[in-house]
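Along the sequence shown, the residues carry numbers beginning at 1. Remember, predicted model here, so these are calculated numbers, not experimental data.
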Amino acid sequence: MDHLYWLDQIQPSQRYLVGDNPFYLSQMAQQGYPVLPGFVLAAPALREFLETYPWEEPLFAELLSSSVHLNVDDTRQLKAIAQHIREQMMAAELPQQWINDLAIAAEKLSSPGLILSLSVTLPQNTPSPVKFSGLVESYVCLCDPEEIALGVLQTWAELFRARSLLYWQRSQIELRALNLAVLVQPLHSAITSGTLTYTPAHCEIKATWGLPLSIKLGQAIPDWYQIELEKGNAIAQSLGNKHLGYDLRWNSTPPDELTAETSLLSPYSCLQPYLVSDEQQQEFSLKPRELETLGAIARNLGSHLNRQFSLEWTLVKATEQSPEQIYITGVEVGNPLPSLEMTAPVDPPSSPKSVPVTAIEGEEMPQIILGTGAAKGVAVGLVYCIPSPTEVLEHIPPGRILIAKEIAPHWLHIVRQAAAVVTESGGMTSHAAILAREFGIPAVVGAAGVMQAIATATEICVNGDTGEIFILPAGTVPPSPVRSPQPVATAVSIPEPMPSPDSNPLSSPFPTATQLLVNLSHPSSLDRIADAYLDGVGLLRSEMMALEIFQSEDPYQWCDHHKNQEFIHRISDPLKRVAEFFFPRPVFYRSLDLRGYDLPGMRSPGQTSINSNRSAQTLGVHGAFSYLLDPTLFDLELETLAKLQQEGLTNLRLIIPFVRTVEEFIFCRSRVQQFKLDRVRDFQLWIMAEVPSALFLIPDYVQAGVQGISIGTNDLTQLLLAADRENQQMSQVFDPRHPVVMRAIHQLIQQAKAAGIPCAICGGAPTRYPETIDTLVRWGIDGISVEPEAIVRTHQAIARSEQRILLETARRDSEDCPF
């Protein structure tokens, strides 16, 4: 099963899949804290189950992919609908293979009992702080395959309680915006358990005998301690009323005097209440050494986090295999959530790539602005604000953090020298996000009001993982900040898993049948992928290279005969560097897809007016249609490709962007033939499949000469869902995992296979949502092209998927074998 993640191996890139509680527990475990082991059934499992299970009612397949409109003010109707949904879910059956895989994983936890907890990841633009821990119940079960399967279904069903549906709607959060994972942990007999709450001012501990259910159900008043953190001793304490405890159910029936208590145990049916002895009721449930242990955990974790936090913990009874042990079973970090700003072993403070946490914390909490994390990493530096597109950009010092309303494509030369990028507008597919990811610098987009809140020369910290921008006290940043290619040490940066301890993480001795390709915008990114295992370039964006040539000029001015050769010379140089680097592996060059907002002075082909209307950026004059109106720039590109072919770079291929009709493609093909590009044996002419008309025209395109298609999920998603991908407010709607988009991708793959042409995907979906890779491989995608930062995890996802398919096939064959 490909949706299981072990708790001590979760990477930062997988936080969206597993949820915040498992993510923080994993990061703590990897730092050496005593976290209770376990595994996570990731969020895509629920979506896959809802989409593929043979429901009798269509409602269930759409529960998490569309809005569920309920009249929450009609209490009776809300309860009836919620109960119906939960009953149907708990009556369903998980796939047998899932049950087997869950059982195998559970056996490794070596415990007779398990506790299953729902892990909810909220959208980053949640309008207000949301606490959901009291909304959903955990589920306790025996370590039995059928019990585990029922536990997963019941845990999922917790989302659809009437109180939950009411809460999400009142909080203005749509169900489709939630990611729901299930954390599975062993349940051991406990001596005592409870909670720990930490703030910079104090630390409090609550404890009771046995498992913590008696506190949850209000059947016990826990002991209370206030801890002096330096020594871990109690400076104040009060004895609770702990007459009832809970343990695993070893007997089939509880004592007669506790029968009434068992009526509260429906989700905890394998737990058993017991009476605490009179002697124990008069004792504090924690000894001094145990308080010191909890105090040390709080002290160390408090120095690593820039927030208050609360922990759930359990003191497990000793067994033949292990002594008594305090385990952390859950964690909740104060809102807004940080990216677990731990200082794992760091470089000395003098190193430019290491900034101690104390240097950015100061004595008071920094002001925080929230946006969307668009490129991973953390950077600390001085701000340079760009108030308008007409700002003179030549004198911006290198290593500054750029802040602008939006990043124009022709600013490539300054972005390349920046420490980080922050924009007020835009989304994950904006120019700022694409450029930052390619150059390996952090980026936060959609940070509303950041231009008014932060001025040039302000000292800030940008966290591209969480979308947080910290305004720091003056004097934090060194006088001459140097941008590091790696995230600074203010946040945990766990490297991608490596194939072997001695190998480079970008290289691998295990090629995959599905081609792994890379998206590039500029040859300056080649150093970052020098050791990468790649089958070639799936998308070489011509716009970034061309706009560096155009600067702020109208590109159609370069159509003048006297500038033709200069254009060819300038664009052939970066293109040649990429083609030589990858030779003989293919490089798919996408011809210019300039849109009106790309350059301040750009006009539409054949027009004299400037086309700068961003609202019409997708539906305006660009792509193949612009070549029909004025083919001059397109011809210059074709002449450049022909020149490089003559120099021996026969690995260049051509992709035509934004093709709306077969007639547009036929026109482009005729121009290609005029420049004799197709006379080179290895040359191929592809189109971008990003306009919905492609869903109906693939056979016609192939008959007209298309030799392959590359699916562009960014434009395809926004055109299918009518969702502007640059509009931050529509980020919840713009989702390439939406069933409509996934069905369109599946249809394109199947049509390409039927026509006998290759089909690749080069949009942002595989980079942003690695869980979609398994689906693409199973559907038969020929190649997956991703941003440089996603190469490692994409290769691993492809390899895992292909190995699962081979294993499943082998198992089916063995079942059919008569011997």
Side-chain angles (χ1 to χ4, degrees), residues 515 517 520 535-543 545-546 564-565 567-569 571-572 574-576 578-580 582-593 623-691 694 697-712 748 751-760 762 782-783 785:
Q515 287 190 327
L517 307 157
L520 291 179
D535 291 299
V537 178
L539 176 65
L540 180 58
R541 303 181 185 94
S542 56
E543 295 80 35
M545 295 183 294
N564 285 358
Q565 293 306 310
F567 174 86
I568 293 172
H569 172 73
I571 200 168
S572 64
L575 182 52
K576 182 177 181 179
V578 176
E580 287 179 338
F582 281 93
F583 190 86
R585 293 169 291 174
V587 173
F588 284 88
Y589 172 86
R590 187 183 67 185
S591 53
L592 286 170
D593 189 21
F625 182 71
S626 67
Y627 307 160
L628 268 96
L629 297 181
D630 189 342
T632 312
L633 276 178
F634 183 53
D635 286 350
L636 291 177
E637 292 181 277
L638 298 180
E639 187 174 347
T640 302
L641 293 176
K643 173 178 176 291
L644 294 175
Q645 277 187 349
Q646 293 169 7
E647 295 177 10
L649 294 174
T650 56
N651 58 328
L652 287 166
R653 316 285 192 265
L654 178 62
I655 303 180
I656 307 298
F658 215 80
V659 182
R660 298 170 172 90
T661 67
V662 175
E663 290 74 20
E664 290 179 2
F665 171 75
I666 292 175
F667 173 83
C668 295
R669 187 199 64 191
S670 68
R671 311 299 289 193
V672 168
Q673 291 172 339
Q674 288 181 29
F675 286 90
K676 303 178 182 180
L677 292 174
D678 56 340
R679 295 190 181 182
V680 173
R681 184 187 61 181
D682 294 332
F683 178 78
Q684 292 182 2
L685 180 59
W686 287 30
I687 63 168
M688 292 292 299
E690 55 193 345
V691 180
L697 295 175
I698 294 299
D700 301 295
Y701 281 131
V702 174
Q703 187 175 2
V706 167
Q707 296 171 289
I709 62 172
S710 186
I711 301 172
L748 289 168
Q751 289 185 357
K753 291 171 70 70
I757 62 170
C759 176
C762 65
D782 293 296
S785 191

> How many angstroms lie between CH2 in W686 and CG in L539, if you round to the nearest 0.5 Å?
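CG of L539 is found 11.5 Å from CH2 of W686.
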> In chain order, what residues pass the salt bridge (Lys or Arg N to Asp or Glu O under 4.0 Å) check against K643, with sequence neighbours excluded?
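In terms of salt bridge (Lys or Arg N to Asp or Glu O under 4.0 Å), with neighbours along the sequence ignored, K643 is linked to E647.
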> In Å and rounded to the nearest 0.5 Å, what is the CG to OG1 distance from L629 to T632?
11.0 Å
> Which pair of non-hydrogen atoms, one from A694 and one from Q751, has the smallest distance, and what is that distance?
O-OE1, 4.0 Å
> What closest approach, in Å, do Y589 and S542 show between heavy atoms, and which atom pair accounts for it?
OH-CB, 3.2 Å
> Run the side-chain contact (heavy atoms from CB on, under 4.5 Å) check on F588 and C762 step by step: do they pass?
CA-CA 11 Å; F588 284 88; C762 65; over 6 Å; no
> Can you list the residues that meet the side chain to side chain donor-acceptor pair (under 3.5 Å) rule with E690, with sequence neighbours excluded?
none
> Kindly give the heavy-atom pair with the smallest separation between F658 and E664, and that separation in Å.
O-OE1, 4.0 Å
> Is a side-chain donor or acceptor of R653 paired with a backbone partner of N651 at a separation under 3.5 angstrom?
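Judged by distance alone, yes, a pair lies under 3.5 Å.
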> Under the 3.5 angstrom rule, does the side chain of E637 hit a backbone N or O of L592 as a donor-acceptor pair?
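Indeed, once roles are kept as given, a pair shorter than 3.5 Å links the two residues.
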> Show me the donor-acceptor pairs within less than 3.5 Å that the side chains of residues 665-673 make with the rest of the protein, sequence neighbours left out.
residue : atom : partner : partner atom : Å
R669    : NH1  : A704    : O            : 2.5
S670    : OG   : F667    : O            : 2.5
R671    : NE   : D635    : OD1          : 3.2
R671    : NH2  : D635    : OD1          : 3.3
R671    : NH2  : D635    : OD2          : 2.4

> Taking side chain to side chain donor-acceptor pair (under 3.5 Å) as the test, write out the residues that go with S785, two or more places apart.
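In terms of side chain to side chain donor-acceptor pair (under 3.5 Å), with neighbours along the sequence ignored, S785 is linked to N519.
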> Would you please test V659 and Y701 for side-chain contact (heavy atoms from CB on, under 4.5 Å) and show each step?
CA-CA 10 Å; V659 182; Y701 281 131; 3.6 Å; yes
> Could you walk me through whether L575 and L652 satisfy the side-chain contact (heavy atoms from CB on, under 4.5 Å) test, starting with their C-alpha distance in whole Å, then the side-chain angles of each, then the deciding distance to 0.1 Å, before giving a yes or no?
CA-CA 9 Å; L575 182 52; L652 287 166; 3.9 Å; yes
> Check the pair L654 / L638 against side-chain contact (heavy atoms from CB on, under 4.5 Å), numbers first and verdict last.
CA-CA 9 Å; L654 178 62; L638 298 180; 3.7 Å; yes
> When rounded to the nearest 0.5 angstrom, what distance separates CG in L677 from CG in L685?
9.0 Å
> Identify, with sequence neighbours excluded, every residue that meets salt bridge (Lys or Arg N to Asp or Glu O under 4.0 Å) alongside R590.
E543
> For residues F683 and D678, report the shortest heavy-atom separation together with the two atoms involved.
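Heavy-atom minimum between the residues: CD2-CA, 3.8 Å.
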> Where do V702 and A755 come nearest, in terms of heavy atoms and distance?
CG2-CB, 3.8 Å
> For I711 and C759, work out which heavy atoms get closest and say how close.
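Smallest heavy-atom distance, with atoms named: CD1-SG, 3.7 Å.
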> Could you pull out all residues at least two apart from S710 that satisfy side chain to side chain donor-acceptor pair (under 3.5 Å)?
none
> Report yes or no: does D593 contribute a side-chain atom to a donor-acceptor pair with the main-chain N or O of G623 at less than 3.5 Å?
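Such a contact is found between D593 side chain and G623 backbone.
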